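Because the structure is a prediction, the values reported are computed rather than measured. Basis for what follows: all heavy atoms, side chains included, without hydrogens, waters or symmetry-related copies.
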Amino acid sequence: MKVKSEKNKKRNIISEMFSLLVKEMGKLYIVQFIYMGVFILLLSPLFANIITRLLQMEGYRYLTQEIMLIFFRKPLVIAAIILMFLIICICMQYMMLYSYEFIKRSYTNEKISVITLLFTTGQKYIILLKESFGRFFLSWIGIGLFYNMPVIYLAGELLPVPKVILKTLAKYKYVSIIFFLFMTVLCIHGFLRFFRLSYVLFEGKKEKESRKLSMILCIKNAFKIVAMWIGNNFFVIGMSALFYLICVLVTIVFLVIFVPNTLKIAVFCTIQEHIYNMILVVVLILGVNLHITGNVVLFYHCNPEQKTYEEEIPQDAFGVKKRVLGGLLLLTLGIDSIVTYDMIRNGSSISLENFGKICITSHRGDSAAAPENTIPAIKQALKSTTDYIEIDVQETKEGKVVLMHDSSLFRTTGVYGKVSEMTLEELRSLDAGGWFSKDYIGTKIPTLEEVLQLCKGKKKLNIEIKAEKDMPDLEEKVVALIEKYDFVRQCVVTSTYKESLNKVKELNQDIVTGYILLSAYGRYYLDEEIDFLSIRASFVNERVIRLAHKYGKEVHAWTVNSEKEAVRLSQLGVDNIITDKPDYVRQKLYENSGNKIIIELLTLFL
């Protein structure tokens with residue numbers, strides 16, 4: 001390793017840092033973005049599925065704020081969380097060590113393949129863990145927290161899951177204090193070990209000696225370290241704001257070109273969360289690299305007597321290691337692609353996917369834009385930003401499952417009679433759209449099979465079973481169709497008849513069921529065959545939600561079409577709002593969450 005000359009050491013620290021950030025850093029950013037992408041795609045579904053399975057073992061379908069602290073006190077859950085935490089720490093520590101190695105070699109003008117460096121970093125990381133796993137591991141956690149305070153803060157403010165967890169912890173004074181003290185101790189620990197890895201990598205020091213030397217050097221240069229940390233974080237926050245602005249502008253261009261005027265605001269509200277996720281990845285990568293770059297430069301300036309450490313680095317960029325790495329990368333991307341495709345095509349089995357968020361269900365399709373429970377209404381709902389499409393199903397005379405809400409056909413077709421008294425061919429001859437508008441004259445009554453084919457891989461369905469005495473096997477036919485089109489993870493089944501839900505569970509325990517209540521009376525939240533409660537909005541209050549959440553059940557409220565009611569329900573903590581105006585409700589909820597100025601500016605611009 002070539003050590004910088006005294007002249008170079010005396011250069012301005014800030015100019016050296018930014019010179020390093022620009023110099024050959026493109027390769028580092030590409031590798032890190034790929035690494036983070038694989039990390040998120042692979043581990044996020046895995047961890048969420050682990051928590052989901054543990055929830056099911058404890059008899060819960062959903063994780064709610066009320067059961068969160070009870071659930072996370074279970075020994076098996078604690079063990080799983082510790083294991084997941086260790087895996088996350090190892091992955092993040094490896095990325096930080098890789099950054100450290102790359103930046104160090106860039107600073108000392110060493111040339112090495114980014115592929116080879118991946119292996120040498122892994123080898124070095126294993127050696128460091130073997131030397132002193134406990135102390136080294138904890139030091140890296142402290143350093144990681146010290147580096148990534150902006151990421152932690154933004155995650156707690158922007159992402160639903162961390163936001164809900166922190167909000168729940170804040171209710172318990174002692175838990176909050178213990179958490180704050182724990183974070184503080186780890187950060188102080190990380191600060192005192194700030195130069196520890198520099199001694200290991202630059203001078204080849206052992207773990208114990210590097211720890212002592214780092215503590216001495218950190219205390220001597222505390223002001224410089226804190227000043228650099230503050231400056232770096234301000235820079236990262238500024239760059240994050242700039243990146244957010246760029247993402248918003250790109251989104252606006254996309255909306256203007258591709259999205260109809262009636263959907264622009266709602267689509268932006270939906271895209272916003274993905275923008276937040278991208279910002280956090282950018283902040284994480286930029287922040288880590290900036291802090292490590294500052295660490296390397298500051299180490300040279302604060303330690304002028306730094307010794308040369310010769311190190312043998314294998315230059316095997318095109319050998320076996322590259323083929324092994326390529327194979328592992330292709331295998332990982334292949335698994336990720338299969339998992340992602342399966343989630344898009346068949347829906348997610350993860351019960352945590354909507355934790356901390358309010359879902360929107362489009363009532364009877366998009367019934368404000370097209371005739372309810374028809375293909376045009378379903379197609380309109382597919383174009384909207386709704387999470388679920390609610391439909392009603394009944395059984396024809398010969399046993400076909402079709403969409404229809406009322407037991408009588410008169411309101412929507414003008415013909416007296418019941419669905420169960422007519423064949424599918426007779427129903428097909430009726431006009432189910434003329435009552436709504438002249439534009440929909442001739443619209444036919446669709447079958448459930450047609451709707452499943454249309455919605456597959458696009459939207460989730462809320463299938464309400466309108467069972468009658470003359471439809472004894474409606475539940476069996478609905479479940480059979482759900483299984484035929486592999487829709488178990490892409491739908492929920494609801495009914496006002498509890499017996500229907502019991503039949504559905506007997507046929508397939510994995511299908512999520514919701515009991516539709518016409519009032520808020522009863523202790524249905526204790527029923528194991530019911531996964532969530534669907535309640536008339538006017539009956540939903542704080543007590544109802546608290547009791548349902550206490551037993552791990554969601555609360556869906558229907559039918560909500562006003563801003564005032566939607567806001568009231570969101571403040572109470574309802575989990576799903578069923579509405580005839582999905583895009584309107586989503587926009588109003590987004591405005592109420594503190595983004596009204598953004599919406600107003602966006603509306604003005606568009």
Side-chain angles (χ1 to χ4, degrees), residues 255 258-271 347 354 357-394 401-406 411-413 430-464 466 487 490-494 514 516 534 536-537 556-563 565-566 569-570 574 576-591:
L255 294 175
F258 298 105
V259 179
N261 289 332
T262 55
L263 295 177
K264 283 182 170 58
I265 303 299
V267 171
F268 178 82
C269 299
T270 304
I271 292 175
N354 297 318
K357 299 187 294 184
I358 299 178
C359 288
I360 306 294
T361 297
S362 187
H363 188 226
R364 304 179 194 174
D366 193 343
S367 56
E372 64 182 56
N373 282 313
T374 64
I375 294 299
I378 303 298
K379 288 182 176 179
Q380 287 291 335
L382 289 173
K383 295 177 184 177
S384 72
T385 58
T386 189
D387 300 295
Y388 288 83
I389 301 174
E390 189 266 349
I391 56 175
D392 308 282
V393 296
Q394 298 187 48
V401 183
V402 295
L403 271 62
M404 179 62 63
H405 178 271
D406 299 355
R411 181 174 64 87
T412 56
T413 67
L430 304 179
D431 177 10
W435 68 274
F436 184 87
S437 166
K438 293 180 180 179
D439 296 332
Y440 293 100
I441 292 176
T443 300
K444 306 301 180 184
I445 296 172
T447 64
L448 175 59
E449 189 163 15
E450 290 173 327
V451 174
L452 293 174
Q453 291 173 341
L454 179 62
C455 296
K456 181 66 176 174
K458 299 173 185 176
K459 295 283 186 184
K460 292 187 175 183
L461 292 178
N462 178 335
I463 304 171
E464 180 181 345
K466 311 290 285 189
F487 234 82
Q490 205 178 333
C491 75
V492 298
V493 174
T494 58
I516 302 174
S534 185
R536 184 190 295 273
H556 297 205
W558 50 272
T559 302
V560 182
N561 292 321
S562 71
E563 176 184 357
E565 187 70 345
L569 292 167
S570 69
V574 76
N576 193 308
I577 291 178
I578 302 172
T579 175
D580 297 323
K581 305 174 181 178
D583 296 322
Y584 171 80
V585 169
R586 187 177 293 280
Q587 177 181 334
K588 294 306 176 183
L589 290 178
Y590 187 77
E591 288 179 2

**Q** Using side-chain contact (heavy atoms from CB on, under 4.5 Å), reason through I375 and V451 one step at a time and then give a plain yes or no.
**A** CA-CA 7 Å; I375 294 299; V451 174; 4.3 Å; yes
**Q** I'd like to know if E372 pairs up with R411 as an ion pair, taking the criterion as any Lys NZ or Arg NE/NH1/NH2 lying under 4.0 Å from an Asp or Glu carboxylate oxygen.
**A** yes
**Q** List the steps and the verdict of side-chain contact (heavy atoms from CB on, under 4.5 Å) for R586 and Y590.
**A** CA-CA 6 Å; R586 187 177 293 280; Y590 187 77; 5.6 Å; no
**Q** Contact between E464 and E390 at the side-chain level, heavy atoms closer than 4.5 Å - yes or no?
**A** yes
**Q** Report yes or no: does K459 contribute a side-chain atom to a donor-acceptor pair with the main-chain N or O of S384 at less than 3.5 Å?
**A** yes
**Q** So does E450 get a backbone contact from the side chain of T447, meaning a donor-acceptor N/O pair under 3.5 Å?
**A** yes
**Q** For K444, look at atom NZ and say whether over 12 heavy atoms of other residues, nucleotides or ligands are found less than 6.0 Å away.
**A** yes
**Q** Tell me, with the steps shown, if K383 and D583 meet salt bridge (charged side-chain N to carboxylate O under 4.0 Å, His left out).
**A** CA-CA 10 Å; K383 295 177 184 177; D583 296 322; over 6 Å; no
**Q** Counting distance only, does the side-chain N/O of Q490 pair as donor-acceptor with the main-chain N or O of C455 below 3.5 Å?
**A** yes
**Q** Knowing that exactly one of N373, T579, D580 qualifies, which makes a side chain to side chain donor-acceptor pair (under 3.5 Å) with S367?
**A** D580
**Q** Counting N and O atoms only, with roles assigned by atom type, does the side chain of T386 sit under 3.5 Å from a partner on the main chain of I360, one being a donor and the other an acceptor?
**A** yes
**Q** Between N462 and I389 (side chain of the first, backbone of the second, donor and acceptor by atom type, cut-off under 3.5 Å), is there such a pair?
**A** no
**Q** So I463 and F487, side-chain contact (heavy atoms from CB on, under 4.5 Å) or not? Walk me through it.
**A** CA-CA 11 Å; I463 304 171; F487 234 82; 5.6 Å; no
